[in-house]
2 protein chains.
Amino acid sequence: MDGLTIQEAAATTGWSPRMLRYIERAGLLELGRSPAGYRLYGPEQLQRLRTLRQLLARMNFGLAELGFALRLRRDPELRAAVNRWLDAAPERPAHVAPDDWLRWEQQKHQALIAAAHTTEMEIA
Amino acid sequence: MDGLTIQEAAATTGWSPRMLRYIERAGLLELGRSPAGYRLYGPEQLQRLRTLRQLLARMNFGLAELGFALRLRRDPELRAAVNRWLDAAPERPAHVAPDDWLRWEQQKHQALIAAAHTTEMEIA
DNA sequence: CGCACCTTGACAAAGTTTTGGTAACGTTGC
DNA sequence: GCAACGTTACCAAAACTTTGTCAAGGTGCG
């Protein structure tokens with residue numbers, strides 16, 4: 001049998017089995033199937049899964065966003081529409097502070113940020 | 001004064017004032033400001049806002065995704081990383097059913113879908 | 001056969017985003 | 001000066017996503 005089962009793949013990639021199914025469903029990974037329908041994870045898929053974790057962690061975005069990127073590259077009409085809109089976009093590059101991009105609204109963590117700030121001051 | 005105020009802009013675009021501020025914060029729209037700091041919506045911005053609604057409605061995605069698209073086009077490093085990952089992607093185009101893309105998990109609406117189904121049958 | 005694994009589908013807890021509201025304070029115009 | 005609007009900041013309801021878990025049933029292998 002050519003490939004690991006989902007549980008083994010989970011063990012070596014750090015994703016949970018649930019997430020592995022989710023990722024497949026998101027269209028981000030294609031898998032072979034055994035005759036009985038078992039997902040088969042080959043070396044290539046395992047590599048991709050590991051890379052995926054780093055990518056998401058380091059560039060700070062999620063599966064949803066990556067899924068949209070994939071959708072963009074696959075659907076020319078969508079790409080065209082999005083580009084058409086963005087082309088009439090802000091001239092000034094990066095008028096938004098870098099961190100604003102990470103998650104638009106820091107609002108979400110007001111309290112936490114305040115707390116972190118306190119901590120920082122204590123650390124400093 | 002060159003441009004509508006936020007409330008007027010809301011009235012002619014169909015967005016709520018709250019959302020207009022949100023959109024600006026998301027980096028999707030740049031606005032002029034009056035000396036006192038009031039947002040000024042010119043014809044161009046109004047047009048963009050209207051287009052935006054159609055775009056989101058018709059292509060079925062949200063501000064977050066559009067924001068990511070913008071982030072992609074502005075941040076070459078991000079774009080490179082994403083492309084590198086996607087390039088080793090599924091050969092078969094569109095193996096996912098079209099509707100699967102809209103929102104990956106229909107799961108969310110199980111009950112609603114069931115209800116809708118019932119309705120459909122009654123309609124039919 | 002029996003045990004441990006797989007499949008899909010559903011439900012739901014947890015976490016985020018989206019959207020609205022409200023408070024405190026400045027501006028515009030009559 | 002007052003009414004009607006603007007600003008930001010914060011809280012919170014609603015909606016959605018992410019992730020876990022469980023049930024019902026199929027597969028693999030000793």
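So that the names make sense, note that chain A is the first sequence line, chain B the second, and so on, each numbered from 1.
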- Item | Atom pair CZ/CD1 of B:R53 and B:I23 - distance to nearest 0.5 Å |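 Interatomic distance, B:R53 CZ to B:I23 CD1, rounded to 0.5 Å: 8.5 Å.
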
Could you tell me whether the side chain of [Y] reaches within less than 4.5 Å of the side chain of [X], counting heavy atoms only?
X     : Y     : result
B:L29 : B:R48 : yes
B:L52 : B:L66 : yes
A:E24 : A:I6  : no

- Task: State which residues pass side chain to side chain contact (heavy atoms under 4.5 Å, CB included) with A:R84; sequence neighbours excluded, sorted by chain then number.
- Result: A:A80, A:A81

Provide, to the nearest angstrom, the distance between the [atom1] atom belonging to [X] and the [atom2] atom belonging to [N].
X     : N      : atom1 : atom2 : answer
B:Y22 : D:dT8  : OH    : P     : 16 Å
B:R25 : D:dA9  : CZ    : P     : 7 Å
B:L4  : D:dA4  : CG    : P     : 21 Å
A:R21 : C:dG9  : CZ    : P     : 12 Å
B:R33 : C:dG26 : CZ    : C1'   : 14 Å
A:I6  : D:dG28 : CD1   : P     : 16 Å
A:M19 : D:dT21 : CE    : C1'   : 12 Å
B:R18 : D:dA14 : CZ    : C1'   : 13 Å

- For B:D75, which residues count as a side-chain hydrogen bond (donor to acceptor under 3.5 Å, both in side chains) partner, sequence neighbours excluded?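 B:D75 satisfies side-chain hydrogen bond (donor to acceptor under 3.5 Å, both in side chains) with no residue once adjacent residues are dropped.
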
Indicate whether OP1 or OP2 belonging to [N] is found under 4.0 Å from a side-chain N or O atom of [X].
X     : N     : result
B:R39 : D:dG6 : no
A:S34 : C:dC6 : no
B:T5  : D:dG6 : yes

- Side chain of B:L63 only, please: which of C:dT28, C:dT19, D:dT17 is the nearest?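 Closest of the options to the side chain of B:L63: C:dT19.
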
- Item | Distance-only donor-acceptor test, A:Y38 side-chain atoms vs D:dG26 base atoms, 3.5 Å |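 Per atom types, the contact qualifies.
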
- Task: Tell me which of A:P35 and A:P17 sits closer to the 5' end of DNA chain D, going by the nucleotide each one is nearest to.
- Result: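 That would be A:P17.
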
- Task: Carefully, step by step, assess B:T51 and B:Q54 under the rule side chain to side chain donor-acceptor pair (under 3.5 Å).
- Result: CA-CA 5 Å; B:T51 310; B:Q54 299 175 33; 5.6 Å; no

- Task: Report the end-to-end axis angle of the helix from C:dC1-D:dG30 to C:dC30-D:dG1; each axis comes from five terminal pairs, and the value is rounded to 10°.
- Result: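 For the helix from C:dC1-D:dG30 to C:dC30-D:dG1, the axes at opposite ends meet at about 20°.
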
